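All remarks here apply to the structure that follows.
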Amino acid sequence: MLTNKVFMKKTKRGNILKIVREHYLRDDIWCGSAACQTCPADENAALLDEVPEPVSERFAFPHYLLLDTNVILYQMDLLEESAIRNVIILHTVLDEVKHRSAVVYKRLRAVLSDPARKFYTFVNEHHKDTYVEREPGESANDRNDRMIRTAAEWYGKHLAPRMGKKSARAGVRIVLLSDDADNRAKAMALGLNTCSALEYMKAAKATFAHLLDKIAQRELVSESKDPLFPSHLTMLQIHEGIKGGKLMQGGFLASRENYLEGYVRVEGIEKAVLIQGRMNLNRAVDGDTVAIEMLPESEWKAPSDVVLVDEQTDPGDMVEPDPTFSVKPQAEREPTAKVVGIIKRKWRQYCGILLPSHIQGSTRHIFVPAERKIPRIRIETRQAAALLSQRIIVAIDQWPRHSRYPQGHFVRALGPIGSKETENEVILLEHDVPHSRFSEDVLACLPELPWTITAADLQRRVDLRGITVCSVDPPGCTDIDDALHARRLPNGNIEVGVHIADVGHFIRPGTALDREAASRATTVYLVDKRIDMVPGLLSSNLCSLRGGEERFAFSCIWELDDEANIRNTRYHKSVIKSKSALTYEEAQIIIDDAKQTNDVATSLRLLNRLAKILKKRRTEKGALVLASPEIRFQVDSETHDPIDVKAKQLLETNSMVEEFMLLANVSVAEKIEQEFPECAMLRRHPCPPQANYEPLVKAAEHQGFEILTTSGKELATSLDKAVKPDNPYFNTMLRILATRCMMQAVYFISGTVQRDEFFHYGLAAPIYTHFTSPIRRYADIIVHRLLAACIGADSTYPELLDKKVNSNLCNNLNYRNRMAQYAGRASVALHTHLFFRKRSEDEQAYILFIRKNALQILVPKYGFEGTIYVTGRNNEEIKTGVRFVYDEEQQTQRCGQVVFRAFDPVIVRLSLDSTNVQHEKLVFELVKPYIEGFSVKAQGAAAEVETPKRKGEPQQPTKSKKNKKAK
């Protein structure tokens with residue numbers, strides 16, 4: 001059967017086109033039910049049970065659920081439960097979900113692909129009895145709702161018992177689940193069985209009663225309750241306000257230190273706009289896109305210097321007046337605004353803990369997110385007794401005006417609070433790190449084993465298997481991206497090669513594997529595990545340049561003179577066979593051992609000598625040598641718990657590898673930008689605003705040094721000169737402060753910014769990209785494809801040269817890289833806490849900053865940073881009789897005859913405070929200089945677990961575990 005739509009369209013030239021759209025309808029599409037004796041069965045489809053077992057007693061008869069679009073969009077947490085089975089998904093609904101939420105659509109597809117779940121997709125759009133035309137004046141949404149009701153009505157008649165049929169099949173009926181009251185009313189008028197998801201689950205059988213917790217709270221709020229917050233403007237009002245210049249829009253950033261404060265970044269305004277106070281925040285949640293209205297200048301505020309945490313157990317739906325923030329001089333006040341509307345919510349699922357209710361048997365509870373930026377969330381659950389000791393996940397559903405907190409629902413439990421496995425999962429979820437198992441579609445893209453290099457492969461590549469190539473990486477590294485070689489040429493010059501794993505050979509554009517790698521964007525390194533960007537068969541085997549094994553590579557080869565000047569450069573796909581996979585320590589030993597004269601030793605010494613010249617040249621141009629406290633854990637080989645921790649030591653070989661990776665990245669950046677000036681994927685590091693340097697400049701001034709920041713060259717020179725012979729760690733601390741002044745380096749597409757903005761400030765490089773780590777960075781895969789197209793080793797494809805597509809890709813890469821960094825730091829913090837459980841140590845430390853009420857401390861041995869508070873929030877004494885005096889001009893804290901200045905050496909005691917189960921913290925206490933009534937006395941003996949260990953005591957022998965790659 002064929003139905004036509006005919007309409008006329010006027011072209012730009014004024015011509016009239018007649019367009020005919022044909023829509024084919026059939027009468028042989030299977031309904032999917034095992035109870036049906038009419039339809040021709042499809043052997044490959046998942047059958048709906050002949051006699052379905054319902055989870056709810058609201059409808060006593062056996063039935064299939066037919067879902068409305070809004071039920072899928074908002075109740076997906078319920079639908080993912082294995083108890084929900086025998087469900088019909090209409091093609092109309094599936095298509096609408098796909099267009100409204102890609103995330104929910106992906107989750108729904110995962111459920112549909114599981115035959116055990118009994119979810120059946122019915123192609124109602126092409127069935128002659130369920131297809132309906134859109135009526136004149138009818139909206140697309142109303143037509144879709146009518147399609148759903150029509151399909152439900154057809155199913156009811158189609159599965160109705162017929163004369164002579166067995167009664168066993170007579171009871172299967174259809175229940176339409178809809179959270180749209182209007183759609184339900186119209187369905188009831190047609191005699192259909194219908195209810196909302198909440199009504200359905202409220203009548204759940206006792207076995208499934210816990211599923212009620214999964215229901216998203218979307219019911220209308222009673223207007224009888226007094227509103228606590230101002231109402232939000234409508235989207236039309238917001239649009240008119242922005243257009244008229246009265247309102248501005250931007251992304252809302254909540255404060256971690258003060259729950260009544262946040263900022264909005266507005267495009268075109270350099271400094272973020274301050275939002276202060278509960279009413280001015282007006283239910284904005286971190287990440288939301290909001291509309292703001294500037295306050296009169298007389299109402300501008302200064303950021304609070306007080307730490308405020310919402311610690312009330314459950315105050316109910318009432319709000320107390322905001323605390324009085326200290327009044328600052330007019331000069332310190334900032335442009336301040338109030339939130340008047342929400343343009344786009346960016347809610348996600350949140351990890352945290354449940355607070356015990358002070359009302360016995362109550363189902364209403366307060367959820368405290370692990371992320372301090374997120375407000376507490378009110379949920380309803382009947383499982384509180386079991387969940388109080390668990391880390392759980394909760395989703396926000398709504399934040400009505402009458403509610404102090406947003407309302408949400410329980411999603412799932414992660415595991416016991418404090419267990420390493422649970423806390424690792426929290427880190428991954430809170431930092432939005434994709435870590436599910438690779439799908440079957442992705443795994444199907446992998447080559448079959450055994451994999452070998454064929455004669456045809458060798459014809460298309462340069463054979464470098466006879467060259468002495470080796471890799472140098474951290475201990476335990478299995479995803480070896482890069483290898484190097486250096487050898488003398490007959491003309492006296494030196495040939496240097498950087499050989500990078502040819503990941504692009506295995507990951508072809510547009511495949512499921514390619515899409516997954518693009519989504520993950522980067523490999524994430526935690527202390528005790530690695531979340532791969534690509535499956536392990538590639539990352540640790542076929543792409544990894546392992547010693548003694550033939551592998552595909554993309555080679556960048558230079559001819560250099562003895563002063564490391566580049567004479568020529570060439571690129572080609574190659575086959576290499578690494579002679580050895582060395583660690584940094586092993587390579588350093590080979591270089592330093594004059595007795596070793598083999599090819600590997602000769603190659604490494606040449607590379608090391610050239611690398612020193614390259615580094616000297618870079619620093620002379622203004623490249624910055626910065627510092628950050630990094631630590632390395634030694635973990636038990638069986639339990640994977642940390643048993644020792646120390647600051648990472650850098651060797652000459654670290655710098656050697658780094659220099660040639662930088663050289664390769666710069667060379668490739670120049671090549672791809674020359675060939676593709678509009679669509680090359682590059683990386684830039686913006687110059688920081690001068691205001692960013694204020695903490696560094698002030699800290700150096702108080703020590704008698706001048707730090708110049710007008711250029712990278714001046715900054716590098718100033719840092720080199722700032723040396724104190726009596727404090728060898730002083731210069732390192734200055735460089736740590738300088739690192740914190742820097743902007744974030746980002747990926748971008750060459751055609752989207754001006755040429756002078758390509759500059760990489762930290763490296764003093766006019767142009768830069770990432771080419772050297774394609775196993776762990778998706779950006780490098782794109783760069784490989786561009787370079788392959790440059791040299792004719794591969795062809796381009798439309799998306800590779802599409803600026804808009806790749807600009808969006810860059811946004812995802814930048815976001816994922818940032819989250820990966822934060823996740824890595826959170827993992828270090830977790831393992832630091834595990835290491836200091838039942839342990840304390842006295843360690844040499846330095847004062848990094850002098851604060852109004854605290855000393856900011858850095859412990860070089862561990863790279864830890866912490867705070868010793870010397871006064872309370874309102875300058876009150878923390879310990880009776882001990883009075884500290886802060887001198888803002890001299891940046892000192894004085895207690896009696898003891899004066900503390902930035903960069904002074906101190907001895908501190910490190911221990912763990914576990915009183916807050918969700919936020920354990922490392923406690924710093926002053927040991928020396930000793931202040932009576934404030935300092936703690938030095939420990940008398942070394943300690944292992946119960947007894948603290950003194951600095952300088954010999955360490956007990958421990959089992960070692962190789963660390964992950966952190967290059």
Side-chain angles (χ1 to χ4, degrees), residues 229-230 246-286 288 290-311 319-340 372-375 688-699 701-702 737 740-741 743 848-856 867 869-876 878 884-893 902:
F229 294 96
K246 183 183 177 183
L247 306 180
M248 295 183 289
Q249 65 174 321
F252 175 70
L253 304 170
S255 168
R256 269 198 179 89
E257 285 72 37
N258 186 338
Y259 77 102
L260 295 178
E261 202 167 83
Y263 292 87
V264 173
R265 292 202 177 277
V266 179
E267 191 174 344
I269 299 180
E270 184 178 343
K271 197 166 186 180
V273 179
L274 176 66
I275 312 289
Q276 194 177 83
R278 197 188 307 271
M279 295 302 117
N280 288 341
L281 291 170
N282 197 8
R283 296 170 284 156
V285 176
D286 185 65
D288 289 349
V290 299
I292 60 172
E293 181 180 346
M294 296 301 297
L295 296 176
E297 194 168 341
S298 59
E299 296 181 31
W300 286 7
K301 309 286 185 183
S304 170
D305 51 10
V306 175
V307 176
L308 271 183
V309 180
D310 188 359
E311 295 178 325
V319 294
E320 65 281 359
D322 292 340
T324 304
F325 298 108
S326 57
V327 179
K328 298 290 181 71
Q330 189 69 33
E332 293 185 28
R333 298 184 188 182
E334 299 180 359
T336 310
K338 62 181 179 180
V339 174
V340 295
R372 294 182 187 272
K373 290 181 169 187
I374 305 302
Q690 289 301 304
N692 283 27
Y693 288 116
E694 286 179 10
L696 170 67
V697 172
K698 286 182 179 178
E701 275 179 2
H702 286 111
L737 294 184
R740 294 174 186 182
C741 301
M743 304 285 282
L848 199 54
F849 292 111
I850 300 291
R851 302 292 190 195
K852 184 179 178 181
N853 66 337
L855 307 175
Q856 197 81 15
T867 304
Y869 289 97
V870 295
T871 60
R873 290 179 186 174
N874 300 313
N875 205 33
E876 71 273 16
I878 287 182
F884 281 81
V885 179
Y886 172 62
D887 187 329
E888 186 173 5
E889 186 177 338
Q890 295 297 319
Q891 283 291 294
T892 62
Q893 285 280 4

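All values below were derived from every heavy atom in this structure, side-chain atoms included, with hydrogens, water molecules and symmetry-related copies excluded. Note that this is a predicted model, so its numbers are computed, not measured.
- Closest approach of Val870 to Ala854, counting heavy atoms only: CG2-N, 3.8 Å.
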For residues 688-697, run the donor-acceptor check on the side chains, cut-off 3.5 Å, and write out each pair with its distance to 0.1 Å, sequence neighbours left out.
| residue | atom | partner | partner atom | Å |
| --- | --- | --- | --- | --- |
| Gln690 | OE1 | Thr709 | OG1 | 2.5 |
| Gln690 | NE2 | Thr709 | O | 3.0 |
| Asn692 | ND2 | Cys741 | O | 3.1 |
| Tyr693 | OH | Tyr761 | OH | 2.7 |

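- In this structure Asn282 satisfies the side chain to side chain donor-acceptor pair (under 3.5 Å) test with no other residue, sequence neighbours excluded.
- Annotation: side chain of Met294 is in contact with side chain of Val273 (closest heavy-atom distance under 4.5 Å).
- With values rounded to the nearest 0.5 angstrom, Gln893 atom CD is found 9.0 Å from Gln891 atom CD.
- The two residues Leu260 and Asn258 come nearest to each other via the heavy atoms N-OD1, 2.9 Å.
- With hydrogens and angles disregarded, no donor-acceptor distance shorter than 3.5 Å links the side chain of Asp286 to the backbone of Ile374.
- Across Asp288 and Arg283, no two heavy atoms sit closer than the pair OD2-O, 4.5 Å.
- Interatomic distance, Glu297 CD to Arg333 CZ, rounded to the nearest 0.5 Å: 9.5 Å.
- Every residue two or more places apart in sequence or in another chain was checked for a side chain to side chain donor-acceptor pair (under 3.5 Å) with Lys373, and none qualifies.
- Considering only residues two or more places apart in sequence or on other chains, Gln249 meets the side chain to side chain donor-acceptor pair (under 3.5 Å) condition with none of them.
- With sequence neighbours excluded, the residues forming a side-chain contact (heavy atoms from CB on, under 4.5 Å) with Lys301 are Leu274, Gln276, Thr336, listed by chain and number.
- Shortest non-hydrogen contact noted between Pro230 and Met279 is CD-SD, 3.9 Å.
- Between the CZ atom in Arg278 and the OH atom in Tyr259 there is a gap of 4.5 Å [rounded to 0.5 Å].
- One finds the CZ atom of Phe849 at 7.0 Å from the CD atom of Gln856 (value rounded to the nearest 0.5 Å).
- Here the straight-line distance linking atom NZ of Lys338 with atom CD1 of Ile275 works out to 11.0 Å at 0.5 Å rounding.
- Under the 4.5 Å side-chain criterion, counting only non-hydrogen atoms from C-beta, Asn280 is in contact with Leu295.
- Contact of the Arg851 side chain with the Tyr869 side chain is not registered, since no non-hydrogen atoms from C-beta on lie closer than 4.5 Å.
- Counting all heavy atoms, side chain and backbone alike, Ile850 lies closest to Tyr886 at CG2-CE1, 3.9 Å.
- Inter-residue side-chain proximity for Leu281 and Phe252 is flagged as met; some heavy-atom pair is nearer than 4.5 Å.
- A heavy-atom distance below 4.5 Å is found between the side chains of Ile292 and Val290.
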Report the C-alpha separation of Val340 and Leu247 in whole Å, then their side-chain angles, then the decisive distance to 0.1 Å, and conclude whether the side-chain contact (heavy atoms from CB on, under 4.5 Å) test is met.
CA-CA 9 Å; Val340 295; Leu247 306 180; 3.9 Å; yes
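- The two residues Glu334 and Trp300 come nearest to each other via the heavy atoms O-CB, 3.2 Å.
- In this view, Tyr263 satisfies the ring-ring contact (aromatic ring centres under 6.0 Å, His included) rule with no residue, not counting sequence neighbours.
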